[in-house]
**Student:** 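Let me give you the structure first, and then I'll get to my questions.
Note on naming: letters A, B, ... go to the chains in the order of the sequence lines (proteins, then strands), and numbering restarts at 1 for each one.
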Protein chains: 2
Amino acid sequence: MAGSRLTPSRPCRKMVAPIPSPFPSRSDPLPMDVTEKAQTAARGRRIRRENVERILKAAELVFAEAGCAGATMADIADKAGLPKANLHYYFGTKEDLYRAVLDNILRLWLDPLAGLDASADPATALTAYIRAKMDASRLRPNASKVFANEILHGASQIGEFLAEDLRRLVDRKAAVIEQWISEGRMAPVDPRQFFFMIWSMTQHYADFEVQVRTVLGRKKLTRDDFAHFTAEVVRMVLRAGGLAPPDDPVSCTGGVPGES
Amino acid sequence: MAGSRLTPSRPCRKMVAPIPSPFPSRSDPLPMDVTEKAQTAARGRRIRRENVERILKAAELVFAEAGCAGATMADIADKAGLPKANLHYYFGTKEDLYRAVLDNILRLWLDPLAGLDASADPATALTAYIRAKMDASRLRPNASKVFANEILHGASQIGEFLAEDLRRLVDRKAAVIEQWISEGRMAPVDPRQFFFMIWSMTQHYADFEVQVRTVLGRKKLTRDDFAHFTAEVVRMVLRAGGLAPPDDPVSCTGGVPGES
DNA sequence: CCAAATCTTGACCATTTGATCAGATTAAAT
DNA sequence: ATTTAATCTGATCAAATGGTCAAGATTTGG
């Protein structure tokens with residue numbers, strides 16, 4: 001279990017906490033005994049699986065709304081419909097729970113980009129990528145917010161993820177962009193800045209949703225609103241990359257598991 | 001003074017707190033007596049002015065690093081080099097201090113966009129705007145982070161600012177873009193989405209600095225790094241708006257007061 | 001130089017909140 | 001059925017933290 005007895009370690013306040021491993025770790029259900037048969041059990045035990053799921057869902061919501069420090073175990077417990085002591089039973093500490101929520105999100109984070117293939121048509125591939133990201137912003141805004149919050153406050157929990165997994169993936173995909181450029185199929189751009197552009201623009205619609213909504217004078221953003229945003233983002237990004245819009249064989253919108 | 005005796009009001013946790021007025025309010029130094037001669041005094045009293053400045057600076061840093069809920073008065077006091085009780089003397093509550101920090105930032109927020117003039121050359125005007133925003137991200141990253149954090153968690157403190165001041169300004173400047181479009185000087189884009197693009201891209205370099213730095217493998221982002229980012233952002237945004245790069249009479253970088 | 005106003009600050013609360021635990025309850029295994 | 005493992009949970013605690021206060025120090029105004 002993580003340090004918590006002797007060193008309170010100030011859960012989320014200053015975040016000098018230990019940085020977790022990059023990916024393969026499964027950090028949520030540890031109290032079974034000490035993490036040992038957590039793997040086998042995580043699949044088997046029905047009750048455990050259901051409760052873990054419920055807690056993670058509630059936690060993502062609360063962490064998104066209040067940040068790591070602002071979230072309270074009591075609030076999460078309420079939203080999950082379980083007594084507070086139960087959260088500590090499944091997840092040792094608040095920080096452990098926070099990390100578990102982050103873990104889920106990280107997994108989700110790399111997927112869309114991983115699909116970018118050099119052999120595809122640039123405009124088509126990028127359009128699909130942007131759509132996937134916009135879908136994620138629409139369907140999993142809380143995941144995006146938790147991630148944004150973590151980065152915003154120093155990424156002390158996911159430093160290794162950024163430096164290892166994400167960095168590697170970006171290196172690989174930057175090569176794809178560079179290849180397209182060298183083949184004359186795209187305007188010359190710094191591939192990494194190009195990715196930053198796509199990330200910031202698409203995530204903006206989740207992280208800054210309140211601002212978007214308010215400036216637009218909307219009460220609530222609808223599916224149609226998002227369709228418009230998506231089309232507009234695609235247009236602008238493609239032009240930024242010196243690309244004509246793809247033939248658009250069919251306006252498939254991809255899709256992400258989703259929560260709301 | 002704000003409610004704190006009977007209704008703890010949970011400062012930053014859930015943010016159901018009262019929304020401040022849009023702009024003309026000066027919410028920082030109220031303990032003098034009850035805000036009355038705050039205005040005249042704020043200018044006069046030397047000690048007060050210096051301490052208020054010191055506290056605000058430290059507060060912006062801590063709020064940026066830890067968020068509103070994660071920040072502690074003790075930490076801010078340390079960074080400001082003053083005893084904690086002193087903060088409560090100048091600013092009533094933590095929430096008041098947070099609002100004062102936000103107030104400063106909001107003022108800073110509208111300025112660059114306000115300069116966008118319809119009579120100017122689109123490419124030149126937008127380039128200047130983007131540079132101003134990138135300078136702000138480089139020189140006042142903490143301001144950007146505090147703002148981002150506030151939006152991310154529901155903007156309960158600046159709802160009125162968004163709905164009134166910012167909305168109005170955006171409406172006015174969207175008209176400028178639309179005019180340029182109708183004059184055939186820009187590609188047709190949704191002006192508001194275009195602004196979102198500029199905001200998200202430029203603020204990304206402050207709010208997500210850790211990610212940018214880590215993915216790029218840098219230890220620290222230099223002035224040159226930012227110059228490169230800026231050039232790249234300008235290029236991409238202009239292309240997105242169907243604009244050729246401006247003649248660039250002189251590569252003036254504008255400038256923002258700055259803190260670091 | 002005196003008095004009023006302003007500022008300073010260590011000591012001190014009250015509340016919040018993460019975390020623990022032991023006994024009760026339920027599910028799984030034999 | 002009986003034992004073992006897993007789960008539940010109310011009560012409780014200790015630390016962290018926002019906020020208060022009153023006495024003292026300093027500055028300002030006349």
**Student:** Residues two or more places apart in sequence or in another chain: which of them pass ring pair (Phe, Tyr, Trp, His ring centres under 6.0 Å) with A:F196?
**Tutor:**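 Partners of A:F196 by the ring pair (Phe, Tyr, Trp, His ring centres under 6.0 Å) criterion, ordered by chain and then number, come out as A:W199, B:H204.
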**Student:** Could you tell me, to 10°, how much the axis swings from one end of the helix from C:dC1-D:dG30 to C:dT30-D:dA1 to the other, five pairs per end?
**Tutor:**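 Overall, the helix from C:dC1-D:dG30 to C:dT30-D:dA1 bends by 20° from one end axis to the other.
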**Student:** Using the side chain to side chain donor-acceptor pair (under 3.5 Å) criterion, which residues pair with B:R172? Sequence neighbours excluded.
**Tutor:**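 Per chain and number, B:R172 pairs via side chain to side chain donor-acceptor pair (under 3.5 Å) with no residue.
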**Student:** Of all the nucleotides listed (C:dG18, D:dG18, C:dT9), which has the minimum atom distance to the side chain of B:T72?
**Tutor:**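 Nearest to the side-chain atoms of B:T72, counting from C-beta on, is D:dG18.
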**Student:** Classify the nucleic acid contact of A:A69 as base, sugar-phosphate or nothing, counting any heavy atom under 4.0 Å across all strands shown.
**Tutor:**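 No contact.
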**Student:** Between C:dT8 and B:Y90, is there an OP1 or OP2 to side-chain N/O distance shorter than 4.0 Å?
**Tutor:**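 It does, given that an N or O in the side chain of B:Y90 lies less than 4.0 Å from OP1 or OP2 of C:dT8.
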**Student:** Side chain of A:T93: nearest nucleotide among C:dA19, D:dC8, D:dG18?
**Tutor:**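 The closest nucleotide is C:dA19.
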**Student:** Applying side chain to side chain donor-acceptor pair (under 3.5 Å), can you list everything that pairs with B:D111, at least two apart in sequence or on another chain?
**Tutor:**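 Side chain to side chain donor-acceptor pair (under 3.5 Å) check on B:D111 returns nothing, list empty.
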**Student:** If you look at every strand shown and take non-hydrogen atoms under 4.0 Å, does B:A71 touch a base, only sugar-phosphate, or nothing?
**Tutor:**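 It contacts sugar-phosphate atoms only.
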**Student:** Tabulate protein N/O versus nucleotide N/O from nucleotides 27-29 of chain D, keeping only pairs under 3.5 Å, one per line.
**Tutor:**
none

**Student:** Sequence neighbours excluded, which residues qualify as side chain to side chain donor-acceptor pair (under 3.5 Å) partners of B:N86?
**Tutor:**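 With sequence neighbours excluded, B:N86 shows a side chain to side chain donor-acceptor pair (under 3.5 Å) to no residue whatsoever.
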**Student:** Name all residues meeting the ring pair (Phe, Tyr, Trp, His ring centres under 6.0 Å) criterion together with A:F226; count only those two or more places apart in sequence or in a different chain, and write none if there are none.
**Tutor:**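 Residues passing ring pair (Phe, Tyr, Trp, His ring centres under 6.0 Å) with A:F226: A:F229.
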**Student:** Applying salt bridge (Lys or Arg N to Asp or Glu O under 4.0 Å), which residue pairs with at least one partner in residues 80-90 of chain A are found, sequence neighbours left out?
**Tutor:**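 Not a single pair qualifies under salt bridge (Lys or Arg N to Asp or Glu O under 4.0 Å).
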**Student:** Please name all residues satisfying ring pair (Phe, Tyr, Trp, His ring centres under 6.0 Å) with B:F63, sequence neighbours left out, ordered by chain then number.
**Tutor:**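 Scan of B:F63 (ring pair (Phe, Tyr, Trp, His ring centres under 6.0 Å), adjacent residues dropped) gives B:Y98.
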**Student:** Compare side-chain N and O positions of B:N86 against OP1 and OP2 of C:dG10 and report whether any pair is under 4.0 Å apart.
**Tutor:**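 So the side chain of B:N86 is outside the cut-off, no N or O lying under 4.0 Å from OP1 or OP2 of C:dG10.
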